[in-house]
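The structure displayed is predicted, hence computed values, not measured ones.
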Amino acid sequence: MNYQMVVKEENEAVLERYELSMERILLIATEETRIELPYRDYFLRVAGFFMKIKAVCDLAQNDKLTAATLEQLRELNQKMYADIIEESYKTSYANPTYAVKMLGKEMGQILSFLYTEIRGSIAYAYENRLFDITIAAELFIEIYNIMEEKEDVYKSVKSAIYYYVSDYSDVTVTKRIRELLDPDLSFAVDIIMNQDLEDLRYLYLFGEYISDNEIKIAEYLNSLTQEMIDSMASTYTEGFRLGFENYRIDLSKKSVVNIHYPVGFERMVKAAIKQFEVMGLKTSIYRAAVSSIHKKQHLKIGFHSKSANKQYDYDHRFDQAIFLDKALNERKLAVSKVSLESMKEMAAQYAGPAVIEVFGDVPFLPKNKEEALMFSQKQQKLSLEYQKDYGILSNQYMKNDEISFTIISYPIPEIGNQFEDIFHETVRVNTLDMDLYERIQKNIIDVLDQGDYVTVTGRGENRTNLSIQLSNLLNPEKETNFENCLADVNIPVGEVFTSPKLTGTNGVLHVTKVYLRDLNFIDLELIFQDGKIKQYTCKNFENEEENQKFVKENVMYQHDSLPMGEFAIGTNTTAYAMGEKYGISPLLPILIAEKTGPHFAVGDTCFRMSEDMRTYNPDGKEMKAKDNECSILRKTNIDEAYFGCHTDITIPYHELGDIIVHKPNGDTIVIIKQGRFVLEGTEELNIALDELNELNQS
């Protein structure tokens, strides 16, 4: 059953409820009511927004969106997002600061949440999903009725929201899982494969916010030859295939790949879909979450456009605080288990995600608003427990050691006037000579495998001073501690990495500026004791408490401490030179940035839940350092083994001092000295650095 048939069946079942709810909301906008100001204004404005949703639904149901002109589609898109962008956000009820100012703290927070939840209906209107719109409309009407009664209002409204989330989770959670696994439910694939991608009206059919960025990237890709597009797609799809080959996983047993990508890249995605089909894989593509039950803070996972307002996303990152409790966690897990069990054949055929990332956004320095919802300490713990428990559950049906992935990144036009030059340079970085890097990185690994521990120091303003303890090799002739990472799953080429021993790993990790998960960190500092973070801070805010809170939320993901899950040495000096040449180093995504110096991941190891899968470097040596003292607990107490996060932090070459291998007998071997490769057999990596120095001096 294809997407249109599924939607038609769902819509027919809920059509009467949808029509009744829309009629009732229309009356709200005109009837006499006992609801007094300031709440009256809130309900009038939200009712008006529902009428905009209905207008889009009418067009989608009658297939009139595809017939509209470019100007009509653009105007409609702007109307849907108007009150959360630019100056309008200051007086929008989606802004918790304004909502609290006008409605009071408790009701302001909860009604701002409600409006944000309702705004998710924009996506459902374009997808013609009446069920999701109807349940949001019915919740709005229920809360309107509660407000008219004026008795124990806050408690009653909060209860209504809780049961809306909980009662419908058997549908919403199941549908989200199915969108991952079932290629027949792909709204986006239909647009990509069936619309004329040279006619930019197609961009507005997704229902995402369309800015100049999406238009310009689509226009630019349309200017490229089909050969160039196919080559870009091939780098990406071949990386996915090589992941299965290199990890000795049978791809022939898989049938579905899930693509995540930014709107505007449809021409490349279309080529990738066709190439995956040749491998025997159909494609699923789901939208980044718009409903609070599915969101993961401010992050966008799935297909998405540039954010209409990053502060809006950040303000609502903890909206689950309205309803999160232990009972809801248990219900979601129970529904997930039933859903996965009912789809276990599809789950077994899931091959993994293929991700296209972008970079070039202006670094975002968020404002922490006291009016925004926040998790209590108990809810922080519940959120972490759910992520861990769901990870364990999903691994039973989509085993980590039976799937792979790939990630590739490209710049967006917002990066500046040199966008086209940067784009072509990025394509070159993504396709560097893997054979050359394999040989160079083998030289580095051969030395690292002689070490008892490694020291890494910063220079200049960088205060890094770390000692990283390495695992013991029982058979160095056939075993290694470091993976020789080439351009397969993790594009571009250029790193060797290990899971360090925690005991004996100590010191300070510091970077003057780093961009992580769309957030800019200034003077980020982590202090490790026996491999675990003991202290942390940054300099984003004047108040030290705010700095620590910012790091805990967005690096620690609310954990009190995290282990060092990975130590790696990036070798892609070409990528580093590109960043410095064009002045975009702070904007490089971690995917590229991690290759431009040593990096350290906090959280889980790279081998989370696939530690027992045997993997080998190109020289035939088996990778042995997959566990640390935390992950090994999976064998005795899995609840304490994993943390559900893995964040890479890179020291760029210009902030890097020395990387020195310390052998058990006390001898040392220097790999990098003052930011330059000095180990024999790595000299070619300095060519890009020398060319950059010459450019800077000219």
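- If you look at Y261 and Y410, their ring centroids are not closer than 6.0 Å.
- Two residues are said to be in side-chain contact when any heavy atoms from C-beta on lie closer than 4.5 Å; M107 and M147 meet this criterion.
- Counting heavy atoms from C-beta on, the side chains of N258 and S284 come closer than 4.5 Å.
- Take Y164 and apply the ring-ring contact (aromatic ring centres under 6.0 Å, His included) test, not counting sequence neighbours, and it matches no residue.
- Side-chain atoms of Y18 and C57, non-hydrogen and from C-beta on, do get closer than 4.5 Å to each other.
- In this structure, F187 and R129 have side chains that are not in contact, with every pair of non-hydrogen atoms separated by 4.5 Å or more.
- By the salt bridge (charged side-chain N to carboxylate O under 4.0 Å, His left out) test, E75 pairs with K79, sequence neighbours left out.
- Between D58 and K64, every side-chain heavy-atom pair lies at or beyond the 4.5 Å cut-off.
- Residues passing the ring-ring contact (aromatic ring centres under 6.0 Å, His included) test with F113, sequence neighbours excluded: none.
- In this view, R45 and D41 satisfy the salt bridge (charged side-chain N to carboxylate O under 4.0 Å, His left out) rule, not counting sequence neighbours.
- Of the inter-residue distances, the one linking N395 atom CG with L340 atom CG reads 11.0 Å to the nearest 0.5 angstrom.
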Side chains of residues 270-280: which donor-acceptor pairs under 3.5 Å do they make with residues two or more places apart or in other chains?
residue, atom, partner, partner atom, Å
Q275, OE1, S234, N, 3.2
Q275, OE1, T237, OG1, 2.7
Q275, NE2, D230, O, 3.2

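- Considering V46, L103, L111 as possible partners of Y93, the one that fulfils the side chain to side chain contact (heavy atoms under 4.5 Å, CB included) test is L103.
- In terms of the ring-ring contact (aromatic ring centres under 6.0 Å, His included) criterion, residue partners of Y220 (sequence neighbours excluded) are, by chain and number, F419, F423.
- Among residues two or more places apart in sequence or in another chain, the salt bridge (charged side-chain N to carboxylate O under 4.0 Å, His left out) test is passed with K369 by D315.
- Contacts of D212 classified as side chain to side chain donor-acceptor pair (under 3.5 Å), with partners at least two apart in sequence or in another chain: none.
- Checked against a 6.0 Å centroid threshold, the rings of F140 and F43 count as neighbours.
- With sequence neighbours left out, F318 forms a ring-ring contact (aromatic ring centres under 6.0 Å, His included) with F375.
- Not counting sequence neighbours, S394 has no partner by the side chain to side chain donor-acceptor pair (under 3.5 Å) test.
- R119 is linked by a side chain to side chain contact (heavy atoms under 4.5 Å, CB included) to F49, Y81, D83, I84, A94, Y115, I122, Y312, counting only residues two or more places apart in sequence or in another chain.
- Partners of E10 according to the salt bridge (charged side-chain N to carboxylate O under 4.0 Å, His left out) rule, which considers only residues two or more places apart in sequence or in another chain, are K175.
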